[in-house]
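Ligands are counted one by one from 1 in listed order, and the atoms in each one are counted from 1 as well.
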Amino acid sequence: THFGFQTVNESEKANKVAQVFHSVAKNYDIMNDVMSGGLHRVWKHFTINTARVPKGGKVLDIAGGTGDLSRGWAKRVGKEGEVWLTDINSSMLSVGRDRLLNEGMILPVAVCDAEKLPFPDNYFDLVSVSFGLRNMTHKDVALSEMYRVLKPGGTLLVLEFSKVYEPLAPAYDFYSFKFLPVMGKLIAKDADSYQYLAESIRMHPDQETLKQMMLDVGFDQVDYHNLTAGVVALHKGVKF
Ligand code: SAM
């Protein structure tokens, strides 16, 4: 079943996403390294280090999973800052919280749906979502929520798979539809979840479409930066 396709009923998609991330949580970090050849670290590093975020600032990491970005934000904002690690999936968050605790970091952690954020209006300086937006059922609703909780002048960063430079598309297709599920099966014993991931990557809006979606919910100065020939793009938008 192609769960990424819009014809699939919405609660079915949400259930599938929940099932996939409960199932991959324990192996998520190792699989990220294996499947991206470590590149996800470079993409996240770029996101964290190029962001404009004040010392002492408030940051919300949505769909934060095992906490890679949250950890980076905590270092950027320092002790006076406030970084929330949030995700809809308790298994992913447990792995993330334990990992951060082992590194001596205590951050507020909350299970929450990006489409209904339990935070007041105009609260955060920065909101981030990495490799999470494509899993959301109503991306426009989630983007509006991100807009709502940002302070005027605050920034949204969306790091997500995107449309690869055309000449590389056949190689990339081979990689994601043949190699990924096989690796998922071998390492995580879970070919189906990795098949879903490959399909969801392919269904996600391309660079210009996501830019327009951000403009549509009210963001200004929306722009993006392609990473690794567009395998991934970092979109940025500011709330005025
Ligand atoms: N941000 C982490 C990273 O970059 O490694 C985790 C990304 S993981 C591929 C996607 C995450 O999105 C999962 O942890 C999943 O539970 C979360 N997610 C999916 N739908 C969501 C929603 N509606 N609200 C919040 N999180 C959601």
Close-contact set for ligand 1 against Gly64 heavy atoms, below 4.0 Å
1 (N), 2 (C)

Ion pair check, Glu199 and Arg202, cut-off under 4.0 Å
no

Looking only at protein heavy atoms, which one is nearest to atom 12 (O) of ligand 1, and how far off is it?
Ala63 CB, 3.3 Å

Check for me whether the distance between the ring centres of Phe119 and Phe124 falls short of 6.0 Å.
yes

Contact with ligand 1 for Glu115, non-hydrogen, under 4.0 angstrom
no

Name the closest protein heavy atom to atom 10 (C) of ligand 1, giving the residue it belongs to and the distance to 0.1 Å.
Phe131 O, 3.2 Å

If you measure from each non-hydrogen atom of Val17 to ligand 1, which part falls under 4.0 Å: side chain, backbone, both or neither?
side chain

Salt bridge or not between Lys185 and Asp190? Use side-chain N to carboxylate O under 4.0 Å.
no

Short question: side chain of Arg148, backbone of Asn122 - any donor-acceptor pair under 3.5 Å?
no

State whether the shortest distance between N or O atoms of Ala114 and N or O atoms of ligand 1 falls below 3.5 angstrom.
yes

Working to the nearest 0.5 angstrom, can you tell me the gap between Trp84 CH2 and Ser70 OG?
11.5 Å

Ionic contact status for Lys116 with Glu145, cut-off 4.0 Å:
no

Need the ligand 1 atom indices (1-based, order shown) with element for anything under 4.0 Å from a heavy-atom of Lys44.
3 (C), 4 (O), 5 (O)

Just by distance, do the side chain of Glu115 and the backbone of Met136 share a donor-acceptor pair under 3.5 Å?
no

Within 4.0 Å of some non-hydrogen atom of Cys112, the atoms of ligand 1 are 24 (N), 25 (C)

Classify the angle between the aromatic ring planes of Phe131 and Phe161 as parallel (below 30°), tilted (30 to 60°) or perpendicular (above 60°).
tilted

I need the nearest protein heavy-atom contact for atom 21 (C) of ligand 1: residue, atom name and distance, please.
Ile88 CG2, 3.5 Å

closest protein heavy atom to atom 14 (O) of ligand 1 is Asp87 OD2, 2.7 Å

Taking only heavy atoms of Met92 into account, list the atoms of ligand 1 that are under 4.0 Å away from them.
14 (O)

Please state which protein non-hydrogen atom is closest to atom 4 (O) of ligand 1 and give its distance, to 0.1 Å?
Ser130 OG, 2.5 Å

Electrostatic pair Arg41:Asp33 at N-O distance under 4.0 angstrom:
yes

Which residue and non-hydrogen atom of the protein lie closest to atom 23 (N) of ligand 1, and at what distance in Å?
Asp113 OD1, 2.9 Å

Ranked by distance from atom 7 (C) of ligand 1, the top protein heavy atom is Tyr28 OH, 3.2 Å

